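In this text the structure is predicted, and so the values were computed from the model without any measurement. Just so you know, ligand 1 is whichever comes first in the structure, and atom 1 is the first atom listed for that ligand. Throughout, numbering of the chain's residues begins at 1 and tracks the sequence.
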Amino acid sequence: MLKSYRFTCQACEVRLMIKDQPYAEGAHIRAVGYPHNGPDVAENMLCLCPNCHAQFDAGAITVDDDLNLSRNGEPAGKLHVVKECHPSFEQLAYHRATS
Ligand SMILES: [Zn+2]
């Protein structure tokens, strides 16, 4: 799914280059481990830069049902999405409820 987003962060649109390779992280929306037990599927993942991944995992970034981003409680634009790799609204709601 990182290729679907060309390794560009869905939250801040940074495309981090490390030497000549783009780098992004696949962030589970609902964590796969106990106690969340999220599914390990593309719909439960976001393509994020390391900074946004850390904020997302800590609940400092959340995404609403209109794909509006909140970062540290402030509006922060929209989540970038492509049709062929759209995140699950159910898992985004779960992330909000547990953040
Ligand atoms: Zn980012």
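Counting only protein N, O or S atoms, the number found under 2.8 Å from the Zn ion (ligand 1) is 4.
Using a 4.5 Å cut-off between side-chain heavy atoms of Ile, Leu, Val, Met, Phe, Trp and Tyr, with links allowed through other members, Val14 and Met1 fall into different hydrophobic clusters.
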Throw together a table of side-chain donor-acceptor distances under 3.5 angstrom for residues 71-82, partners on residues two or more places apart or in other chains.
{"from": "Arg71", "atom 1": "NH1", "to": "Gln55", "atom 2": "OE1", "distance (Å)": "2.5"}
{"from": "Lys78", "atom 1": "NZ", "to": "Asp66", "atom 2": "O", "distance (Å)": "2.7"}

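Side chains of Arg15 and Arg6 form a contact here, defined as non-hydrogen atoms less than 4.5 Å apart.
Residues that satisfy the ring-ring contact (aromatic ring centres under 6.0 Å, His included) test with Tyr23, not counting sequence neighbours, are absent from this structure.
The closest donor-acceptor contact from the side chain of Asn44 to the backbone of His28 lies at 3.5 Å or more, if one exists at all.
Here ring pair (Phe, Tyr, Trp, His ring centres under 6.0 Å) pairs that include residues 29-57, with residues two or more places apart or in two chains, are His36-Tyr94, Phe56-His95.
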